[in-house]
Amino acid sequence: MPYLDVNDTTLYYEDEGAGPALLLLHGWGTSGQTWGAQLPEFTGDHRVVTVDWRGCGRSARPFRGNTVAGVVGDLAALIGALRLDRPVVVGSSIGATFATELGLRHPESVGGVVAVNGPSYWPSQGMPLAELTDGLRRARAGTVAGWVPEWYAPGTAPALIDWTVRQILDSGVHIDQHFHTAADYDPRPALPGLRVPIHYLHGELDTQIPLEVPRTCAALTPGAEVGVIAGAGHMPHQERPDEFNAALRTALARMAPAAHAPA
């Protein structure tokens, strides 16, 4: 199985297909398996890498490094180790934060960013930060089981929600450290200086990160656009995969010339 040692941890990744590179980043507590509906669509004409970032899925669960800087450093090392040629980085939820920060901190290594239901500044989100962190500490299973259904639009199959809950409970507890700094995270001041193309895709019915967030970020980012996935919540790539895949193809086509230009 493909594992890579980077920094002080070990990452699980999968690398399929050939063509322009895509790096897909999952959200908090889940894994690269959340992109299962995208792999058949894109591996035919792209090199697609999914990775379980530190603390999640099949990767190691180190106590340290569970910060934006720590994960972004891991991802930059992975891009170099796998010799990815300026991939377009597609990130979901906090994965969109990592993707955006990769573009800001390592523009020479990134061809573009697609932020899916993110990035975020915490005051916009659903559950209050203090309530969430306290709930995870005191009653992790119950807090996750109560919170995750809010990620999805009404009518979502219960099996998908249950699978998401299981993934999160299978991940390490140290990923909760991301919430300790979430209150201070705000990408807006840096976005006007972003040197790689970015496109925002967002579920219409997201209650965790409302549409005002990507629209505000796009207004600050040169050339950015927002695509809305109708009827989807916080996880549009899973809830409405056909519509999401079509929107992602449109975003990739629009950023293609810029994605392959020198940073």
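- Taking hydrophobic clusters as Ile, Leu, Val, Met, Phe, Trp and Tyr residues chained together by side-chain heavy-atom distances below 4.5 Å, Phe244 shares a cluster with Leu39.
- Contact check for Gln167 versus Val148: no side-chain heavy atoms found under the 4.5 Å cut-off.
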Quiz item: Can Leu75 and Val89 be said to form a side chain to side chain contact (heavy atoms under 4.5 Å, CB included), step by step?
Solution: CA-CA 10 Å; Leu75 297 171; Val89 186; over 6 Å; no

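- When side chains are defined from C-beta on, Glu101 counts as touching Tyr185, because their heavy atoms get closer than 4.5 Å.
- The OG1 atom of Thr30 lies 13.5 Å from the CZ atom of Arg166; values are rounded to the nearest 0.5 Å.
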Quiz item: Stepwise, does the side chain to side chain contact (heavy atoms under 4.5 Å, CB included) test hold for Phe42 with Leu248?
Solution: CA-CA 10 Å; Phe42 290 97; Leu248 179 55; 3.7 Å; yes

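- Between Gln177 and Thr67, every side-chain heavy-atom pair lies at or beyond the 4.5 Å cut-off.
- In this structure, Val114 and Met255 have side chains that are in contact, with non-hydrogen atoms separated by less than 4.5 Å.
- Judged as a salt bridge (Lys or Arg N to Asp or Glu O under 4.0 Å), not a single pair has a partner in residues 64-73 (not counting sequence neighbours).
- Atoms CZ and CG, on Arg240 and Asn245 in that order, are 13.5 Å from each other to the nearest 0.5 Å.
- Side-chain contact check for His202 versus Arg215: every heavy-atom pair is 4.5 Å or farther apart.
- Ring pair His174/Phe63 is perpendicular by interplanar angle, where above 60° counts as perpendicular and below 30° as parallel.
- With hydrogens and angles disregarded, a donor-acceptor distance shorter than 3.5 Å links the side chain of Thr156 to the backbone of Ala153.
- Side-chain contact between Phe179 and Leu136 is present, with heavy atoms from C-beta onward closer than 4.5 Å.
- The two residues Ala21 and Leu84 come nearest to each other via the heavy atoms CB-CD2, 4.4 Å.
- For His178 and Phe98, the ring centers are positioned less than 6.0 Å apart.
- The ring of His26 has its center closer than 6.0 angstrom to the ring center of Trp53.
- Separating the CE atom in Met235 from the OG1 atom in Thr164 is a distance of 5.0 Å, to the nearest 0.5 Å.
- Taking CD of Glu41 as the reference point, atom NE2 of His46 lies at 10.0 Å (rounded to 0.5 Å).
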Quiz prompt | side-chain hydrogen bond (donor to acceptor under 3.5 Å, both in side chains) evaluation trace for Gln208 with Trp147 | solution = CA-CA 10 Å; Gln208 304 303 298; Trp147 183 32; 2.9 Å; yes

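- A pairwise comparison of heavy atoms in Ile79 and Ser109 identifies CG2-O, 4.0 Å as the closest pair.
- Under the 4.0 Å criterion applied to side-chain N and carboxylate O atoms, Asp134 and Arg138 are assigned as salt-bridge partners.
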Quiz item: Between Ser171 and Trp28, does a side chain to side chain contact (heavy atoms under 4.5 Å, CB included) hold up when you go through it step by step?
Solution: CA-CA 9 Å; Ser171 290; Trp28 180 82; over 6 Å; no

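- Pairing each heavy atom of Ala115 with each of Thr100, the nearest pair is CB-OG1, 4.4 Å.
- Distance alone, capped at 3.5 Å, places no donor-acceptor pair between the Gln238 side chain and the Leu160 backbone.
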Exercise. Take Arg54 and Asn7 through the side chain to side chain contact (heavy atoms under 4.5 Å, CB included) test and state the conclusion after the steps.
Key: CA-CA 11 Å; Arg54 65 167 61 208; Asn7 301 329; 4.2 Å; yes

Practice problem: Please test Tyr12 against Ser31 for side-chain hydrogen bond (donor to acceptor under 3.5 Å, both in side chains), starting from the C-alpha separation and ending with a verdict. | Solution: CA-CA 10 Å; Tyr12 176 88; Ser31 74; over 6 Å; no

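- The shortest non-hydrogen separation linking Leu220 to Pro222 is O-CD, 3.8 Å.
- The closest side-chain heavy-atom distance from Thr250 to Arg254 is below 4.5 Å.
- Val173 and Ile175 fall into different hydrophobic clusters, where Ile, Leu, Val, Met, Phe, Trp and Tyr residues are linked whenever their side-chain heavy atoms come under 4.5 Å apart, directly or through other members.
- The salt bridge (Lys or Arg N to Asp or Glu O under 4.0 Å) analysis of residues 22-37, with sequence neighbours excluded, yields no pairs.
- For the pair Asn117 (side chain) and Gly203 (backbone), a donor-acceptor distance under 3.5 Å is present.
- Atom CZ in Arg61 sits 7.5 Å away from atom CG in Asp170 (nearest 0.5 Å).
- Checking Leu23, Val51, Asp52 one by one against Tyr13, the side chain to side chain contact (heavy atoms under 4.5 Å, CB included) holds for a single residue, Val51.
- Linking ILVMFWY residues whenever their side-chain heavy atoms come closer than 4.5 Å, directly or via other members, places Leu78 and Val72 in the same cluster.
- Trp151 and His234 have perpendicular rings, their planes meeting at more than 60° on a 0 to 90° scale where under 30° would count as parallel.
- A salt bridge does not link Asp176 with Arg137: none of the charged nitrogens is closer than 4.0 Å to a carboxylate oxygen.
- Judged by distance alone, the side chain of Glu204 and the main-chain N or O of Gly231 form a donor-acceptor pair under 3.5 Å.
- Distance alone, capped at 3.5 Å, places no donor-acceptor pair between the Arg47 side chain and the Gly19 backbone.
- Checking side-chain atoms of Glu239 against main-chain N and O of Gly233 turns up a donor-acceptor pair under 3.5 Å.
- Here the closest heavy-atom approach between residue Pro236 and residue Val116 is recorded as CG-CG1, 3.8 Å.
- The minimum heavy-atom distance linking Pro107 with Val196 is given by the pair O-CG1, 3.8 Å.
- Remark: side-chain polar atoms of Thr50 are not paired, donor with acceptor, to backbone N or O of Gly32 under 3.5 angstrom.
- Proximity of Gln38 to Pro241: side-chain heavy atoms (C-beta onward) are separated by under 4.5 Å at one or more points.
- Grouping the Ile, Leu, Val, Met, Phe, Trp and Tyr side chains by contacts below 4.5 angstrom, directly or via other members, places Val71 with Leu4.
- The distance from atom CG of Leu11 to atom SG of Cys56, rounded to the nearest 0.5 Å, is 10.5 Å.
- Leu205 and Tyr152 fall into different hydrophobic clusters, where Ile, Leu, Val, Met, Phe, Trp and Tyr residues are linked whenever their side-chain heavy atoms come under 4.5 Å apart, directly or through other members.
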